[in-house]
**Student:** 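I'd like to ask you about the structure that follows.
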Amino acid sequence: MCGVFGAYSARDFVAEDVYLGLSALQHRGQESAGVAWIDENRRVNVVKGMGLVHEALSQSVLANTPVTRAIGHVRYSTSGGSMMQNAQPICANYAQGPVAIAHNGNLTNFLHLRETLESRGAIFQSTSDTEVILHLLAHQSRRRPLDALLRALSEVRGAFSLVVLLEDGLVAARDPWGFRPLALGRRGDNYYVSSESCAFNLLGASFVRDIEAGEVLLINERGLTSYSLPDSSKMAENSKRRWFCSFEYVYFARPDSVIEGISVYRARQEMGRLLAKSVSTESSPSGIGVPSVDFVASLPDSGTTAALGYSQESGIPFEAAVVRNRYVGRTFIQPTQKVRELGVRIKLSPSPELFAGRKAVLVDDSIVRGTTAGLVVSMIRECNASEVHLRISSPPVRYPCFYGIDTPSNGDLAAAKNTLEDIARTVGADSLSYLSREDMMKAIGLPPDSLCTACFDGQYLDAPDVDGERCRCSCEKIFE
Ligand code: 5GP
Ligand code: SF4
Ligand code: MG
């Protein structure tokens with residue numbers, strides 16, 4: 001997963017705005033950060049580094065960089081390795097001028113395109129899928145850059161939300177299915193494009209609208225010009241079908257963002273409410289029954305909004321009984337299993353005073369590998385809790401994502417091969433139940449044919465291009 005941000009102004013310097021925008025998108029990627037702009041000599045410039053925004057970039061240097069349009073990126077690798085060459089924005093000065101690209105999403109036909117381009121002489125500098133867009137563009141040296149970009153984007157498949165800087169202006173583009181979010185904001189005459197609307201709040205900008213699925217929006221001194229991807233009507237032939245990622249609402253996006261008109265906070269709260277309702281009306285799928293407990297707790301921060309909804313619906317009080325060390329980043333961001341496991345212990349700590357001798361429902365947004373839930377439940381047991389019932393505010397994650405979220409290969413997904421009873425036993429919970437797919441869709445509130453739920457139900461758009469068992473989209477996942 002990644003975050004992208006772009007800024008355009010007729011006269012204000014905007015590089016610092018991009019820095020601040022990226023800080024608000026930090027939850028979308030903590031591996032590297034970068035900012036790019038085009039200078040007065042028509043050359044593209046980029047500063048990037050590894051780590052968090054404030055580690056990778058200098059705010060004071062950017063504040064003094066006299067540019068009126070710039071783009072930026074925060075990266076969490078879902079394609080290509082974790083290294084400096086793969087940090088974005090990706091930049092080039094080609095026959096038609098300078099270009100910089102920042103990308104969120106995974107291109108599913110990446111390897112196929114890369115092989116074709118290499119057979120035509122392209123030399124790739126990185127292992128990131130985004131670089132194929134640059135090569136596809138540069139291979140059309142007689143077209144003006146915007147036309148070349150439109151053509152290039154009609155050849156790629158899968159998920160992309162992009163901000164692109166051309167001499168002609170700032171471009172925002174979203175794939176015809178809309179997997180990853182992308183929003184337009186405005187402050188006075190300045191325009192901003194951001195993965196999530198939460199970044200506008202920080203800049204005092206207001207949300208204008210989402211970039212539409214299949215839209216390419218050019219922002220320059222002539223104003224805003226909207227184009228449709230050349231064959232998006234054909235690709236989106238069953239007209240209104242969209243593939244907005246449901247996992248953005250479950251986990252990924254910040255709760256103060258609004259995506260496709262839906263508040264992420266409200267969606268999560270409703271997921272918690274429906275979770276409480278389903279548990280009180282049916283026995284849990286594992287047949288363990290309805291928990292009557294002293295309090296509801298969450299795995300912070302990702303499970304908290306749903307836990308509040310659960311508490312509001314059930315009338316059981318919420319206690320902030322698991323404390324999060326806010327100076328340790330998202331568990332998932334750590335690349336190895338060993339670091340990931342240690343990370344949970346460093347990050348989350350249950351209060352013995354609250355758990356000792358008491359019964360609790362513990363709400364989290366999702367179980368992926370099962371590492372987090374297993375470790376926290378065992379820490380809660382060490383606090384002498386009498387019962388711990390785990391409630392998950394999304395359906396079981398059974399299939400890998402190859403549209404840009406780093407769910408692992410299905411062999412590593414707790415729910416891919418195990419029954420709920422097995423998972424409950426492995427994580428050590430007295431009972432376990434998940435939100436149903438239908439309730440998740442209901443909580444989000446978008447028409448059912450506008451959401452992607454592939455990691456829950458295996459219903460992919462375009463079957464993965466699998467070579468043997470390995471996905472050819474470069475997400476490096478194994479399909480068993
Ligand atoms: P697990 O420990 O089961 O592998 O991961 C589950 C935890 O990681 C949950 O608390 C959830 O908030 C978080 N999580 C779920 N999916 C993702 C993801 O795709 N990326 C990141 N960074 N975290 C995730
Ligand atoms: Fe989102 Fe899951 Fe679809 Fe990936 S597979 S885009 S995580 S809903
Ligand atoms: Mg979490």
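Atoms within a ligand are numbered from 1 in the order they appear, just like the ligands themselves. These numbers come from the heavy atoms of this one structure, side chains and all, not from hydrogens, waters or symmetry mates.
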**Student:** Do Glu131 and Ser126 have side-chain N/O donor and acceptor atoms under 3.5 Å apart?
**Tutor:** yes
**Student:** Quick one: does Phe247 get a heavy atom under 4.0 Å from ligand 1?
**Tutor:** yes
**Student:** Strictly below 4.0 Å, N to O, side chains only: are Lys277 and Glu270 in salt-bridge contact?
**Tutor:** no
**Student:** Do you see an N/O/S atom of Tyr251, backbone or side chain, under 2.8 Å from the Mg ion (ligand 3)?
**Tutor:** no
**Student:** Within a distance under 4.0 Å of any heavy atom of Ile405, pick out the atoms of ligand 1 and give their elements.
**Tutor:** 19 (O)
**Student:** Tell me the contacting part of Ser366 for ligand 1: side chain, backbone, both, or neither, using a 4.0 Å heavy-atom threshold, strictly below.
**Tutor:** both
**Student:** Looking only at side-chain N and O atoms, does Ser298 offer a donor or acceptor that is under 3.5 Å from a partner on Asp364?
**Tutor:** no
**Student:** Looking only at heavy atoms of Gly370, does any of them come nearer than 4.0 Å to an atom of ligand 1?
**Tutor:** yes
**Student:** So, does Leu299 sit close enough to ligand 1 that a heavy atom of it is under 4.0 Å from the ligand?
**Tutor:** no
**Student:** Output yes when a side-chain donor or acceptor of Asp294 lies under 3.5 Å from a complementary backbone atom of Ala360, and no otherwise.
**Tutor:** no
**Student:** Can you confirm whether the side chains of Thr304 and Asp301 place a donor and an acceptor under 3.5 Å from each other?
**Tutor:** no
**Student:** Looking at Glu260 and Arg174, is any side-chain nitrogen of the basic one under 4.0 Å from a carboxylate oxygen of the acidic one?
**Tutor:** yes
**Student:** Sort by chain and number the protein N/O/S atoms that are closer than 2.8 Å to atom 2 (Fe) of ligand 2, and list them.
**Tutor:** Cys455 SG
**Student:** Quick check: does Thr372 get an N/O under 3.5 Å from an N/O on ligand 1?
**Tutor:** yes
**Student:** Between Arg28 and Glu248, does at least one N-O distance fall below 4.0 Å, as a salt bridge requires?
**Tutor:** yes
**Student:** Scan side-chain atoms only and decide if Ser302 and Asp365 contain a donor-acceptor pair under the 3.5 Å cut-off.
**Tutor:** yes
**Student:** Heavy-atom distances under 4.0 Å are what count here, so tell me which part of Thr371 touches ligand 1: side chain, backbone, both or neither.
**Tutor:** both
**Student:** Quick one: side chain to side chain donor-acceptor pair (under 3.5 Å) partners of Thr453, sequence neighbours excluded?
**Tutor:** Arg437, Asp457
**Student:** Which of these, Asp365, Val427, Leu375, Leu348, has its nearest heavy atom closest to atom 12 (O) of ligand 1?
**Tutor:** Asp365
**Student:** Closer than 4.0 Å to some heavy atom of Ser302 - which atoms of ligand 1 meet that?
**Tutor:** 10 (O), 12 (O)
**Student:** Assess, by modelled atom type and distance only, whether the side chains of Arg75 and Ser128 contain a donor and an acceptor separated by less than 3.5 Å.
**Tutor:** no
**Student:** Considering distance alone, does some N or O of Val368 sit under 3.5 Å from an N or O of ligand 1?
**Tutor:** yes
**Student:** Quick one: does any side-chain atom of Asp439 pair with a main-chain N or O of Leu435 as donor and acceptor, under 3.5 Å?
**Tutor:** no
**Student:** Output yes when a side-chain donor or acceptor of Gln26 lies under 3.5 Å from a complementary backbone atom of Gly29, and no otherwise.
**Tutor:** yes
**Student:** With heavy-atom distances below 4.0 Å as the criterion, list the atoms of ligand 1 near Asp364.
**Tutor:** 9 (C), 10 (O)
